[in-house]
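Letters A, B, ... mirror the listed sequences (proteins, then strands); counts begin at 1. None of these values were measured; they are calculated from a predicted model.
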Amino acid sequence: MSVTTAKRQLAMVMDLNKCLGCHTCTIACKRLWTREEGMEYMWWNTVNTQPGGGTPRNWEEMGGGYRDGKVRPGKLPSRKDFGEAWEFNYDEVFYKGKGDSVHLKVVGEEPDWGPNWDEDQGAGVYPNSYYFYLPRICNHCTHPACLESCPRKAIIKREDDGVVLIDEERCRGYRFCMEACPYKKIYFNESTKVAQKCIFCFPRIEKGVAPACARQCPGRVRFVGYLDDPAGPIHKLVKTWKVAIPLHPEFGTEPNVFYVPPIAPPQFDAEGNIDETNPRIPTEYLHSLFGPAVDGALETLKAEMAKTRGGAKSELMDLLIAYKWTDMFKPFDKDPAKIIWT
Amino acid sequence: MTTAAAAEISDLRQGFESQTARRSELYRLLATAFGFPSADLRKAVSAGEVRAALAETAGGLPYSLAIPFDAPALADAGTGEDTLETEYIRLFDVGAGSGPPCPLYVGNWRGDRLGVMEECLRFYDHFGLGLPEPRPELPDHLTVALEFLHYLTFRQAEALRASAPCGDYVRAQRDFLDRAVLSWFPRMTSKLSGESPPPYYVTLASLALAFFEAEKAYLADLAKTAA
């Protein structure tokens, strides 16, 4: 395993207790970066319902990442696994006088999966059914398996901020990166024959503006900053409070997107009484996503919540509530409307 | 590495400098021939354009080469549309399992890859060159090294035409040819022959090796004369 050469690391924290599954982040990203030919099916940012198959379908079982310090190739996700960019019969419904008899549907092969196919399904049995939303982007890992697996050395980790980028001029579309990435956040462009993925909005970052997915989020879910900046929100949530933890740390890539895990309401017992001892989201399930660190994170969150309920002040709760959005992105809190983009 | 040399090389075809211009052109042609077999390159091979260009250029060198540059294999792009591409990926770019058997990166053969790349970059930088943007190859790739030798010989030819000193270019060629090409290319050629390569690459590697070795001897003579 190679050691990162990045001097500093940009990171993102997503508070899963605040994500309402509106997909504004996804659309912000789509409109900005993936509108070219060959990118129709790409969603560099996705929001999936957990538990669920995710995007691409069953990505958590596709392998990749590291084992015994070596890159472990996994399954190459197909376009179908991600979900095709469907074409609809707009013409027929809207312009050919069949609006009363024909309903809007996908043209061609009937799809059986898509980027958000199992939205809001979740798991569990009423009244203890549950789900939560899991937004995902490229994790800009400290040990990127994609970078290590590329025979062309076409993937770089930027020294100044740790952002992982694919050099599309060097990429020859071999797709080893797609096999190696355990989070399956790399897509293949069939038109240009290169691999493409989230770029952490680096042109915005370079101008002091947070990534579009974070800046546009109406739920104030996403925090952005340098991992080593003690004055910034990331350091406080990840290092100081330890309430933001990586997804699937066992993959071994050391992701730099961190999650504040969801606090579930208690279950109802057989008599319909509230059972405070059993959270609706099974602890084992959260362990399977975030590892054992989730226990400490949830304990801290619950303790700080209790503190505020008792009338005391909690720095952590204030931080997570994010009264001022600019506090979430420092130093990337510039207004994109006031930037001269060249 | 790109220069405007190719467009202007015909200007140097007169007199003594023409032989140097031919050497320069041959480096450029070999850089192209060892590049990734794009559709355009594949067509040029099939149509015999690559072979013709190599043979025509080799004819004007200041020495004769034992290996003919008009071998039929140099026009053999294989039966399938992607034969050359598949073989290039297998032999030079990716391979199977633990990497390609015959990588075209100097650093893969010499070791200390980063050190080798830095050495190459320092050579390029000394002569005012940088890598182009976008940069499809890393600085220690054979094609980049050959483009640099193309540049050095071109500048030598220009200096000859202007009756200006060209010792710097000759010394740099000798040094760089030794370090960045002859330090590994013979081993690569030998290994290549055991990897069932397509005839195009066998022949190309053999004649390139013959050319590099002839260059080494020629440059040694030039240096002696200059001394």
Does atom NZ of B:K216 have more than 12 heavy-atom neighbours from other groups under 6.0 Å away? no
Residues A:P151 and B:D93: closest non-hydrogen pair is CB-O, 3.8 Å
Can you tell if the side chain of A:K153 reaches within under 4.5 Å of the side chain of B:Y105, non-hydrogen atoms only? no
Would you find more than 12 non-hydrogen atoms of other residues, nucleotides or ligands less than 6.0 Å from B:E81 atom CD? no
Assess whether a salt bridge exists between B:E137 and A:R152, defined as any Lys/Arg side-chain N lying under 4.0 Å from an Asp/Glu carboxylate O. yes
Does CG belonging to B:D112 count more than 12 external heavy atoms closer than 6.0 Å? yes
Distance in Å, B:I89 CD1 paired with A:R172 CZ, rounded so as to fall on 0.5 Å steps: 7.5 Å
Taking atom CD of A:E36 as the centre, report whether more than 12 heavy atoms of other residues, nucleotides or ligands fall under 6.0 Å from it. no
